[in-house]
There are 2 protein chains.
Amino acid sequence: MTDTRVERKERTRRAILDAALALSGESTLVALSLRQVAKEVGIVPTAFYRHFASIEELGLALVDEALDTLRVLLREIRRSAGHDYRDIIDGSVAVLVEQVRAHHAHFGFIARERFAGPTAVRQAIERGIELCERELAVDLSHLPGTDRWSDQDLRTLSALIVGAMVTTAERLVAVEPGSAVELRIADTARTQLRMMLIGVQRWRSNS
Amino acid sequence: MTDTRVERKERTRRAILDAALALSGESTLVALSLRQVAKEVGIVPTAFYRHFASIEELGLALVDEALDTLRVLLREIRRSAGHDYRDIIDGSVAVLVEQVRAHHAHFGFIARERFAGPTAVRQAIERGIELCERELAVDLSHLPGTDRWSDQDLRTLSALIVGAMVTTAERLVAVEPGSAVELRIADTARTQLRMMLIGVQRWRSNS
DNA sequence: ACCTTCGGTGTACATCCGTACACCGAAACT
DNA sequence: AGTTTCGGTGTACGGATGTACACCGAAGGT
């Protein structure tokens with residue numbers, strides 16, 4: 001009574017999304033049944049259709065949300081960046097750890113569905129990651145040492161870094177926050193970033 | 001009649017493994033039913049139990065085989081290695097492309113189940129990849145320029161390279177052999193390896 | 001005040017699932 | 001030759017799944 005009909009609808013839509021995200025964490029979207037989700041939410045199975053036509057469509061909505069937090073991650077990294085290489089690296093990894101902690105369900109979801117999800121979901125994720133690579137490539141072009149790089153080399157380095165960060169995120173989600181293992185993973189990530197960026201100063205496009 | 005009982009058994013076991021590998025390519029192991037596999041093989045569902053206690057156990061057998069071809073990949077790379085950095089890189093990527101072509105079902109399987117598979121399968125894959133990192137670290141220690149590296153830094157670089165190669169493999173399986181895209185992926189992989197290895201000459205452990 | 005819209009309900013059904021059980025027939029052993 | 005082993009069969013079950021259909025009751029529009 002305190003709320004309008006659209007508010008009610010939105011609320012159960014959220015509940016469905018949250019339940020699906022939580023349940024898919026136990027295995028995968030493709031192993032998730034409409035009835036499980038409905039039971040978890042506390043609605044009757046057929047009510048599910050008032051919000052989504054299928055689990056796959058639900059998955060696409062989840063991908064959108066997960067990719068949003070991925071973009072937030074990039075933005076936070078950019079915002080926190082110092083100008084010294086050391087600062088950039090330390091700051092980026094700190095932000096990564098923090099964001100994965102705060103939204104580990106989303107990162108786990110991306111890792112799981114990236115190769116195992118329904119086709120449409122996979123494609124959506126791949127497009128999102130590609131977008132991140134493109135954004136990062138632009139950031140990289142503002143770094144000292146990349147003045148004469150070709151666009152393609154910038155993209156290639158970007159892909160390398162994004163790949164390493166995705167792998168790091170995948171490792172982080174499997175680990176408890178604040179643990180010693182988490183620190184080791186962060187340390188490895190910092191070292192890897194340094195290794196990749198050391199190359200930057202020496203690199204000349206085409207050679 | 002021409003064959004003994006153990007041969008027969010082994011033959012249908014193989015058929016089950018092959019069918020499961022093929023069918024899991026459409027989605028995931030966790031979305032694969034015992035009955036689907038049985039139907040594909042041409043046996044009655046209950047006959048499945050003569051070979052595996054569950055789909056998960058079947059999955060573990062598949063992991064073993066997939067990890068075998070991963071080890072073959074490493075061995076082939078080592079065998080084909082020149083002593084010049086350029087040779088090593090070109091040769092390694094060539095072997096990678098060739099192996100992924102020849103066993104793309106296995107590489108796809110690893111990519112899919114690595115994060116989305118049953119727990120035991122995920123762990124087995126992670127252990128296998130870790131083993132590859134360790135092996136590669138030893139190879140790296142024989143490279144010129146890594147004389148004074150700490151073991152940990154060798155492992156870290158190894159993890160970086162393995163991660164990039166896994167990502168490359170994941171991209172290769174999604175692409176048709178001999179296509180222009182495949183060439184581009186291989187080219188990117190070569191560049192990335194060069195970028196990583198350029199750092200090797202400049203790197204000093206702890207700094 | 002009346003009618004419409006629409007999120008949620010309840011029942012129902014065909015299909016698929018894993019698995020238990022009794023059974024078969026030929027290979028393998030003695 | 002007689003017996004055992006064992007991969008494969010066939011039936012049968014309780015339970016889960018997607019979805020069609022008729023229905024309800026309150027919010028929302030007129």
Side-chain angles (χ1 to χ4, degrees), chain A residues 1-62 112-113 116-121, chain B residues 1-62 112-113 116-121:
Chain A
M1 174 123 351
T2 129
D3 34 39
T4 161
R5 198 146 63 179
V6 292
E7 284 172 342
R8 277 188 169 284
K9 175 158 189 183
E10 177 55 27
R11 193 138 21 98
T12 85
R13 192 188 131 96
R14 265 258 59 83
I16 291 177
L17 286 167
D18 293 343
L21 187 62
L23 287 175
S24 78
E26 316 267 309
S27 55
T28 329
L29 261 189
V30 297
L32 189 62
S33 77
L34 177 157
R35 284 179 116 103
Q36 282 174 55
V37 177
K39 180 183 289 187
E40 178 81 6
V41 173
I43 57 177
V44 94
T46 46
F48 177 92
Y49 293 111
R50 303 293 183 194
H51 303 272
F52 302 99
S54 64
I55 289 282
E56 178 163 333
E57 195 178 284
L58 202 191
L60 287 177
L62 282 177
R112 266 177 282 118
E113 308 304 330
T119 313
V121 170
Chain B
M1 173 128 344
T2 129
D3 34 37
T4 160
R5 197 146 65 180
V6 294
E7 283 172 344
R8 276 187 170 286
K9 175 158 188 182
E10 177 56 26
R11 192 140 21 98
T12 84
R13 191 189 132 99
R14 264 257 60 82
I16 290 177
L17 286 166
D18 293 343
L21 186 62
L23 287 174
S24 77
E26 316 266 311
S27 56
T28 329
L29 261 189
V30 297
L32 190 62
S33 75
L34 178 156
R35 285 178 115 103
Q36 281 174 57
V37 177
K39 181 183 289 187
E40 178 80 6
V41 174
I43 57 176
V44 94
T46 46
F48 178 93
Y49 293 111
R50 302 295 183 193
H51 303 271
F52 303 99
S54 64
I55 289 284
E56 179 163 333
E57 195 179 283
L58 202 190
L60 287 178
L62 282 177
R112 266 176 282 116
E113 309 304 331
T119 313
V121 170

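Proteins come first, then strands; the chains are lettered A, B, ... in the order of their sequence lines, and each starts at number 1. Just so it is clear, the model here is predicted, and its values are computed rather than measured. Heavy-atom basis, side chains included; hydrogens, waters and symmetry copies ignored.
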Within the 4.0 Å heavy-atom criterion, would you say A:Ser54 contacts the bases, only the backbone, or no part of the nucleic acid? nothing

Which one, [options], comes nearest to the side chain of [X]?
X       : options               : result
A:Ile43 : D:dG7, C:dG7, C:dT9   : C:dT9
B:Leu34 : C:dT19, D:dG8, C:dT9  : C:dT19
B:Ser33 : D:dG7, C:dT19, C:dG18 : C:dG18

Interatomic distance where [atom1] belongs to [X] and [atom2] belongs to [N] [whole Å]:
X       : N      : atom1 : atom2 : value
B:Asp3  : C:dA26 : CG    : P     : 14 Å
B:Arg35 : C:dT15 : CZ    : P     : 14 Å
B:Arg8  : D:dG7  : CZ    : C1'   : 9 Å
A:Gln36 : D:dG15 : CD    : C1'   : 13 Å
A:Lys39 : C:dG10 : NZ    : P     : 15 Å
B:Phe52 : D:dG7  : CZ    : P     : 12 Å
B:Glu7  : D:dG8  : CD    : P     : 14 Å
B:Glu10 : D:dG7  : CD    : P     : 12 Å

Search all heavy atoms of A:Gly59 against all heavy atoms of A:Leu29 and return the closest pair with its distance.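 Answer, listing the atom of A:Gly59 first, then A:Leu29: CA-CD1, 3.6 Å.
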
What pair of heavy atoms forms the shortest contact from B:Ala61 to B:Arg13, and how long is it? CB-NH2, 4.2 Å

Reported OG1-to-CG distance for the pair B:Thr28 and B:Leu23, which is rounded to 0.5 angstrom: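 Between atom OG1 of B:Thr28 and atom CG of B:Leu23 there are 12.0 Å.
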
Give the intermediate values and the outcome of side-chain hydrogen bond (donor to acceptor under 3.5 Å, both in side chains) for residues A:Glu57 and A:Ser54. CA-CA 5 Å; A:Glu57 195 178 284; A:Ser54 64; 5.3 Å; no

Go through the N and O atoms of the side chain of B:Thr12 and the base of D:dG8, and report whether any donor-acceptor pair is under 3.5 Å. no

Donor-acceptor pair present, A:Arg50 side chain and C:dG8 base, under 3.5 Å: yes

Among A:Arg8, A:Glu7, A:Arg14, side-chain contact (heavy atoms from CB on, under 4.5 Å) partner for A:Glu10: A:Arg14

Hey, which sits more toward the 5' end of DNA chain D by its nearest nucleotide, B:Thr46 or B:Arg5? B:Arg5

